[in-house]
Participant: 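Below is a structure I'd like to ask you about.
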Amino acid sequence: MQPTAARFLNILVPIKRCVDYAVKIRVNPQQTGIDTNVKHSMNPFDEIAVEEAVRLRERLKDKVKSITVVTLGPAKAAETLRTALAMGADSGIHIELPESAPPPEPLGVARVLRAVIERRKKMATEEGSGTGGGTTDLVIMGKQAIDDDLGQTGQMLAALLGASQATCASKLDVDVDKRVAHVRTEIDGGAEELVCTLPAVITTDLRYVEQPRYASLPNIMKAKKKPIEKLTPTDLGVDVTPMLETIKVTEPPKRVGGSKVGNVDELVKKLKESGVVAVA
Amino acid sequence: MFSSRAAARQLVRHIKRWQHSSNQPTLNSVTSDDIAHFAQFLPQNSILSTLSPIPVAPSELEQYNTDWMGKYRGSSTTVLRPHTTDQISKIMKWCNQRRIGVVPQGGNTGLVGGSVPTSNELILSLNNMSKVRSFDPVSGALVADAGCILEALTEYITPHNHIMPLDLGAKGSCQIGGNISTNAGGLRLLRYGSLHGSVLGLEVVLPDGTILDNLSTLRKDNTGYDLKQLFIGAEGTLGVVTGVSILTPAAPRAVNNMILALPTFENVLPLFKLARRHLSEILSAFELIDRTAYELAVKHGQGKGLSDEEIEGAQCFVLLETSGGKKEHDEEKLNILLETLLESDSPLINTGVLSQSPAQFSSLWKLREGVTEAVSKEGKAYKYDISIPLASFKEVVDATREQLRRKGLLHENAVKHVLGYGHVGDGNLHLNIVAAAYTPEIEAALEPFVYELVASYKGSISAEHGIGAMKTHAMHYSKSGVAIDLMKRIKHVFDPHGIMNPGKVLE
Ligand SMILES: Cc1cc2nc3c(=O)[nH]c(=O)nc-3n(C[C@H](O)[C@H](O)[C@H](O)COP(=O)(O)OP(=O)(O)OC[C@H]3O[C@@H](n4cnc5c(N)ncnc54)[C@H](O)[C@@H]3O)c2cc1C
């Protein structure tokens, strides 16, 4: 007989393929966005989320029943899923967007994630557990993506699900039997210790002591054989068309070189000239 | 301030120098009159001297007088930092007339004591010669002042999608003129060849002040003797390199790297052959790091290490890099190699990791490039940079360790580690002995032991770091008397008064 599902943990980790953080961002010539014909890799905050999920399994062993990674993005985002699978996730879901689609907004992404979670629950009740479906007890995701820096998706998802939320987490422990998560979160000037009942949405900060692991060769090989399910937003009944319209993207004005002034009078004169100080 | 011990050491070295160079003419010290002369054509901030009229504290010259390892120390009173070739010409002309010894200095990252004076020679720093003169994006020919920092040149040509043909751990400080003067090899030699191939031309100020303008950007030029080759690896003993013309290759569009953990050294060679067969033209680096070197790099924070399970039972590690034109093509090749490695019945590797992002790519490289720095943080290093047949890398490391054990010097207070790492692809091993302090006993245990060992394999006692002040007496282990004699005659043609970097390369 199957033990009651309540004593296990199904983890979902949403991840995003972003322009790599080492790349110098340039505005495209049409001024509609940034030049994306550059190196991409997994959003560093998401990498930490994957790492944390894998570490939870290392600590809790069999109590972590599944780690599923999900991404919303163009065909190439599948590479990012493979990286997460090589780090130790069990399966992936790729909600594919056309190459030309505008980047979805946080609310659209949160709705897609909610639909994924509901679909898995439905599948589980229809087919019985153990087929990739089931409840989602914990969502671990980056606190923000380094491309748009919006930092809203996690909170929106928690609200849509009516789940607990802990943002900017720097430490996470789960008591599976009591069904609570102990989270340390980063706040201005210190840290906060939270206890969340499951299900919960946790967003990760960068303050982890250790960097995420490398993908080992045997795991890279294994990852090639792990399942990735392909869906579209339409399959999930979600419209991800952005509600905001981007009119124009420009670079911030170039910093102009400063100059040295000889004395205070000169300084005041310059400030007045540049309109920083009211002309008395 | 000089401690009396340091002063005594100075004296010993001094005497030694005169003993060795009995047939060398006596050189003069810099005087305030010389400074007054230099002040006629050099701006004030180009002169740093403990002599009048504007004496500075000796401590301000410390960084110029001490080498990167803190092993060699000069007692120069004067550093000149000219801005132009013309100023260098005037300096050399004066020093030649006055018989003042001159040490050209680049980034001062050399590892054989070549960049600091053996006594009180004048230091000619190239720091202010740091302008790019031209870049041709079609041919890739870059012409720059010799004092340009290697990394700055890389940054300059990156937007043009070109890279420098050489790369080394010291890139943030070393200068292109220093690289050329030491004929630095580094991490890309396997792919882009040595500087003897990629340098197109040089501008050199000869010891008498004459400017030899050989700054060609031509790929092919067979008119007479190829003079520039003489200055590549001359370590500042024939003239001052002031300008460099160098061919830069197009930047690869796809790069990958991985670190492989090997159960035994014996597998390094078969692995190299296998990698070369599967990856052929995209294989751009194949670097060895033995277990001790790896652990020192991790200990001293040089990049994130592998997990404990991954390094378990590994005797050494290999860093392998590919550079190619198309990601998919390279990945396909890598995949076949990985499958072959992992599915073999008698696997050559335990496991390995493949970088997944530019950040991981640099982190893996740091584990190899950072060994030099880690070693210097761990203690005082005796560095032997040798070329020997690949198959004997481990034998040499083990034999050296055994020698130190036999002499009772292998313990916490003497020699802490004996390690090997290096450019397997080029047959170049860095044998490092990390000691608590530099002592005569350790040196006596290592030399001529290491040199004789290398000679027994018909190897070279200096694969890439040069001779400097460290190995002048050992040159004969790798070069015949005829060759050394010819070198001395060449030196005499260029520098009859022996003012250029005295006491270096040739005895
Ligand atoms: C961390 C680290 C890693 C290294 N890795 C490598 C490596 O992988 N491969 C390798 O080959 N070497 C390596 N080296 C040593 C290497 O020789 C130097 O780093 C570099 O090539 C020297 O450049 P530099 O500008 O610092 O020269 P310096 O140290 O200043 O000088 C070196 C020699 O060249 C002469 N010289 C310098 N500039 C001129 C000039 N303009 N004209 C005439 N003579 C000049 C000096 O008199 C001296 O004899 C490494 C060193 C460090 C510290």
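Keep in mind it's a predicted model, so treat the numbers as computed, not measured. In the text below, chain A, chain B and the rest are named by the order of the sequence lines, each starting its count at 1.
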Participant: So, for A:Ser41 and B:Pro358, which heavy atoms are closest and what is the spacing to 0.1 Å?
Facilitator: OG-CD, 4.2 Å

Participant: Verify, without hydrogens or angle tests, whether B:Lys304 (side chain) and A:Gln211 (backbone) share a donor-acceptor contact under 3.5 angstrom.
Facilitator: yes

Participant: Measure the spacing between OG of A:Ser216 and CG of B:Leu342 and express it to the nearest 0.5 Å.
Facilitator: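 Atom-to-atom, A:Ser216:OG and B:Leu342:CG are 8.5 Å apart.
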
Participant: Using heavy-atom distances under 4.5 Å, tell me whether B:Leu341 contacts chain A through its side chain, its backbone, both, or neither.
Facilitator: neither

Participant: Taking A:Lys224, A:Glu47, A:Met42 one by one, which has the highest count of heavy-atom pairs under 4.5 Å against chain B?
Facilitator: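 Top count of heavy-atom pairs under 4.5 Å with chain B: A:Lys224.
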
Participant: What part of B:Ser307 gets within 4.5 angstrom of chain A, counting heavy atoms only: side chain, backbone, both, or neither?
Facilitator: neither

Participant: For A:Asn37, is the CG atom crowded, meaning more than 12 foreign heavy atoms sit under 6.0 Å from it?
Facilitator: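 No, not enclosed.
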
Participant: Within a radius of less than 6.0 Å around CD of A:Glu229, do more than 12 heavy atoms belonging to other residues, nucleotides or ligands occur?
Facilitator: yes

Participant: Decide yes or no on side chain to side chain contact (heavy atoms under 4.5 Å, CB included) for A:Leu217 and B:Leu260, but give the supporting numbers first.
Facilitator: CA-CA 9 Å; A:Leu217 301 182; B:Leu260 304 170; 3.4 Å; yes

Participant: Mind checking which of residues 277-293 of chain B sit less than 4.5 Å from chain A, heavy atom to heavy atom?
Facilitator: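 None at all.
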
Participant: Output the residues of residues 316-339 of chain B for which the shortest heavy-atom distance to chain A is under 4.5 Å, in residue-number order; output 'none' if no such residue exists.
Facilitator: B:Lys327, B:Asn335, B:Leu338, B:Glu339

Participant: In terms of side-chain heavy atoms, does A:Tyr214 have a donor or acceptor partner in B:Ser363 at a distance below 3.5 Å?
Facilitator: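 The criterion, which ignores hydrogens and geometry beyond distance, is satisfied for B:Ser363 and A:Tyr214.
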
Participant: By a 4.5 Å heavy-atom criterion (distance strictly below it), what part of B:Gln356 contacts chain A: side chain, backbone, both, or neither?
Facilitator: both

Participant: For A:Glu58, does the CD atom have more than 12 heavy-atom neighbours from other residues, nucleotides or ligands under 6.0 Å away?
Facilitator: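 More than 12 heavy atoms, drawn from other residues, nucleotides or ligands, come within 6.0 Å of this atom.
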
